[in-house]
Amino acid sequence: MLIPRFTLRNLFAVTAGVAVAALITSWGGQGVAWAIGISAALVALLIIVAVHVALFAILWLYSRAATGGETAAVLPIESRTTSAAALGPPLPGKAI
């Protein structure tokens with residue numbers, strides 16, 4: 001699917017979620033203790049997501065550069081090592 005489908009229900013749910021997060025953050029700014037904790041947890045979650053996205057992008061770009069832009073799906077069959085001969089002999093007592 002090239003174009004994601006957004007429904008009104010999903011857009012309203014996201015809008016409501018962001019509104020609740022903004023309300024809790026504003027209470028945290030006013031000094032409410034539990035709201036400060038939830039705000040800190042939300043900020044930590046955003047930082048964790050950002051770090052994961054950044055690391056994924058760096059490793060993805062590195063892997064694209066290391067393979068010359070090719071992926072396993074487009075490599076020739078001869079260069080793949082998934083044949084039974086490449087796996088070695090079977091273990092004793094194990095059926096294939």
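Starting from 1, each residue takes its place in the sequence as its number.
Under a hydrophobic clustering in which Ile, Leu, Val, Met, Phe, Trp and Tyr are joined whenever their side-chain heavy atoms come within less than 4.5 Å, directly or via other members, V20 and L45 fall into different clusters.
Minimum heavy-atom separation, G28 to A35: N-CB, 3.4 Å. Closest heavy-atom contact between T25 and S39: CA-OG, 3.4 Å.
Checked against side-chain contact (heavy atoms from CB on, under 4.5 Å), I38 has the following partners two or more places apart in sequence or in another chain: I24, W34, L42. Under the side-chain contact (heavy atoms from CB on, under 4.5 Å) criterion, T15 pairs with no residue, sequence neighbours left out.
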